[in-house]
Amino acid sequence: MSKPMSEPPSPQRASRKDWIGLAVLVIPVLLMSMDMTVLYFALPFLSASLEPSATQQLWIVDIYAFMLAGLLITMGTLGDHIGRRLLLMLGAVVFGASSLAAAYAGSAELLIAARAVLGIAGAVLAPSTLALIRNMFHDPTERRTAIAIWTAGLSGGAALGPIVSGLLLEKFWWGSVFLINIPVMAVILLLGPLLLPEYRAPRPGRFDLLGAALSLGTVLPVIYGIKELADDGFAWKYAAITAAGVVIGVLFFLRQRSAANPLIDLSLFRDRGFSASIGVNLVALFAMVGFLLFSTQWIQLVYGLSPLKAGLWTLPAPLAVAVTTSVAAVLAKSIRPGYIIGVGMVIATAGFAVMTQLRADSSLAVAVIGATIISGGVGMAIPLTADLIVSAAPPERVGAASALPETSNQLGGALGVALLGSIGSAIYTRDVSDATSGLPHEAAEAAEGSLGGAAEVAKHLPDRASEPLLQVAGEAFTRGMNISAVVAGAVMLVGAAGATWLMRHVATPTAAPATAAPAKAEPTPAPSPE
């Protein structure tokens with residue numbers, strides 16, 4: 001018996017070639033996120049070699065993330081115009097070339113420039129890969145699985161960065177942390193044209209250069225200003241920079257409403273699944289990124305592990321993400337995504353509850369278990385939000401839409417570091433001040449500024465003075481961490497309730513509509529051969 005006319009056709013299943021191509025898409029994202037953290041161990045070595053100033057050292061670390069966040073939307077839209085595979089290949093070339101330049105940089109200025117170009121190339125990779133996943137995997141179940149794998153690669157790279165850096169620096173010089181990117185990019189350039197299809201919008205219209213400039217002018221000052229406020233405390237200069245970014249953001253919004261070919265189709269935000277997913281990303285990354293920085297410092301400076309061992313003890317967190325992303329993809333076959341996302345955020349809240357019980361003399365297991373539960377809960381939510389975002393966008397605008405999850409992640413993480421970090425820092429400074437009363441002014445200021453500062457000051461004190469200082473500093477830091485866990489958990493719980501309520505009627509995305517025309521202007525991409 002033939003199927004009723006009202007029944008939609010079965011979506012095209014992914015071929016073996018598509019699944020192998022997925023590996024080619026996950027690898028650059030893993031490297032992109034790994035380069036966010038790969039300098040954690042290398043910084044002392046390159047500082048000894050290049051002798052950067054304190055300001056230059058900060059820019060060496062931060063310029064990558066600033067350029068990445070500021071250009072994601074622009075690069076996603078550019079892929080819609082010129083072809084997503086082509087843009088990915090160009091990004092791989094630039095990423096490899098700038099990695100080579102960074103590895104052999106002979107001055108701090110050259111390293112900062114190379115890291116800035118690395119950030120630009122990273123902004124190419126994330127939206128291009130997610131957009132191609134949307135084009136390659138039409139079956140909704142397979143697409144969710146592919147996005148879950150992509151998410152695991154994105155989170156796993158950030159965790160692997162310090163570990164890979166630590167292992168390389170045991171035998172090689174600091175530039176080796178950049179050189180590892182080059183052979184991987186070469187593999188992408190070799191296999192990408194063979195395994196990945198090309199897609200671009202059939203009639204993209206004129207690229208909105210003014211919108212691109214306003215996008216960069218919005219995200220870059222906001223993230224920079226928030227980060228500096230978190231690092232140095234309130235200062236009018238950084239508050240003004242942040243406010244300027246917000247003002248430019250208003251201009252960007254107005255431009256998107258009036259432009260003939262906007263970077264972002266604002267009508268997408270009328271889709272409740274789309275807009276609520278952006279909010280979930282913002283809230284989840286606010287709480288997770290803002291807090292997990294505490295746990296890594298606690299393991300190193302309070303519990304006393306070396307950086308490499310501390311990095312190894314963070315591995316359960318990305319492993320939990322890999323598990324929960326897979327579980328979420330399976331559950332989404334029969335349960336509405338809002339409920340799964342809500343449960344994931346409640347699980348993360350339970351992880352924050354564990355962290356409220358951490359003490360300076362607690363077992364390492366408490367910190368590891370708490371961080372793992374937090375990461376696993378967030379890992380259950382994020383792949384489904386990414387699927388809802390890219391599924392809501394029309395095929396010709398998927399590149400631009402694919403940039404939004406990572407942009408909201410960057411903004412949420414920056415806000416979390418600023419606000420939760422400020423809470424923890426205020427409590428730490430208040431509680432440690434009595435123990436620093438007998439120290440010279442500069443030493444007391446350093447010890448009250450951060451736990452790392454207290455540890456450095458303690459190295460130059462006799463045992464009878466250093467041990468009490470370290471004990472008080474560890475307890476003060478842990479108390480600040482406890483309060484930050486309460487705030488982060490409350491934010492996550494409110495986010496869980498809001499996501500469940502707003503998305504309670506949002507259905508799991510079904511088969512993707514007809515995809516954007518491939519580069520050869522065929523109406524739909526030809527099926528990949530088995």
Side-chain angles (χ1 to χ4, degrees), residues 226-234 282-304 310 313-314 317 345-378 411-437 444-455 468-498:
I226 289 172
K227 186 183 184 305
E228 292 301 318
L229 289 170
D231 289 343
D232 301 334
F234 182 82
L282 193 71
V283 169
L285 272 294
F286 167 90
M288 186 178 78
V289 174
F291 183 80
L292 289 184
L293 289 175
F294 284 104
S295 65
T296 56
Q297 290 184 71
W298 188 92
I299 292 173
Q300 289 184 60
L301 299 176
V302 178
Y303 193 78
W313 276 107
T314 64
M345 297 178 80
V346 169
I347 291 172
T349 303
F352 287 116
V354 172
M355 287 299 199
T356 64
Q357 304 307 304
L358 191 68
R359 301 294 178 264
D361 58 353
S362 292
S363 165
L364 178 61
V366 179
V368 173
I369 291 171
T372 302
I373 295 173
I374 293 169
S375 299
V378 173
L411 288 172
L415 285 169
V417 170
L419 298 182
L420 297 181
S422 296
I423 292 170
S425 179
I427 293 169
Y428 169 83
T429 301
R430 182 199 68 188
D431 291 356
V432 83
S433 58
D434 289 343
T436 62
S437 57
E445 190 176 21
E448 292 173 7
S450 68
L451 179 59
L469 175 61
L470 287 174
Q471 181 178 352
V472 171
E475 291 172 351
F477 179 84
T478 307
R479 277 193 291 273
M481 189 173 174
N482 296 151
I483 300 302
S484 295
V486 172
V487 175
V491 169
M492 190 70 82
L493 193 60
V494 171

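What you are looking at is a predicted structure, and each value in this text was computed from that prediction instead of being measured.
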Open item on the list: Checking L301 against F477 for the side-chain contact (heavy atoms from CB on, under 4.5 Å) test, could you report, in this order, the C-alpha distance in whole Å, the side-chain angles of both residues, the deciding distance, and whether it holds?
Closed with: CA-CA 10 Å; L301 299 176; F477 179 84; over 6 Å; no
TODO: Kindly determine whether I427 and M481 satisfy side-chain contact (heavy atoms from CB on, under 4.5 Å), including the steps that lead there.
DONE: CA-CA 9 Å; I427 293 169; M481 189 173 174; over 6 Å; no
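Residue L469 comes nearest to A454 through the heavy atom pair CD2-O, 3.9 Å, listed as atom of the first residue, atom of the second, then distance. Taking every heavy atom of both residues into account, W298 and A360 meet most closely at CZ2-O, 4.0 Å. Considering all non-hydrogen atoms of both residues, Y428 and A473 come closest at CE1-O, 3.5 Å. Minimum heavy-atom separation, L420 to S484: O-OG, 3.3 Å. When every heavy atom of I347 is checked against every heavy atom of I373, the shortest pair comes out as O-CG2, 3.2 Å. V378 and A284 make their closest contact through CG1-CB, 4.2 Å (heavy atoms, listed as atom of the first residue, atom of the second, distance).
One distance of note links CG of L364 with CD1 of I299; it measures 5.5 Å at 0.5 Å rounding. In this structure, CG in L358 is found 9.5 Å from OG in S295, a value given to the nearest 0.5 Å. In this structure, CE on M355 lies 10.0 Å from CD1 on I369, to the nearest 0.5 angstrom.
Residues passing the ring pair (Phe, Tyr, Trp, His ring centres under 6.0 Å) test with F286: none are found, sequence neighbours excluded. Every side-chain contact (heavy atoms from CB on, under 4.5 Å) that R359 has, sequence neighbours left out, goes to Q357, D361, S362, N482.
Taking 4.5 Å as the limit, every side-chain heavy atom of V486 sits out of range of all side-chain heavy atoms of F352. Within the 4.5 Å cutoff, the side chain of V346 has no heavy atoms near those of the M492 side chain.
Judged by distance alone, the side chain of T429 and the main-chain N or O of A426 form no donor-acceptor pair under 3.5 Å. Side-chain atoms of S375 never come within 3.5 Å of backbone atoms of T372 as a donor-acceptor pair (strictly under, hydrogens ignored).
Applying the salt bridge (Lys or Arg N to Asp or Glu O under 4.0 Å) test to residues at least two apart or on different chains, the pairs with a partner in residues 470-496 are D431-R479.
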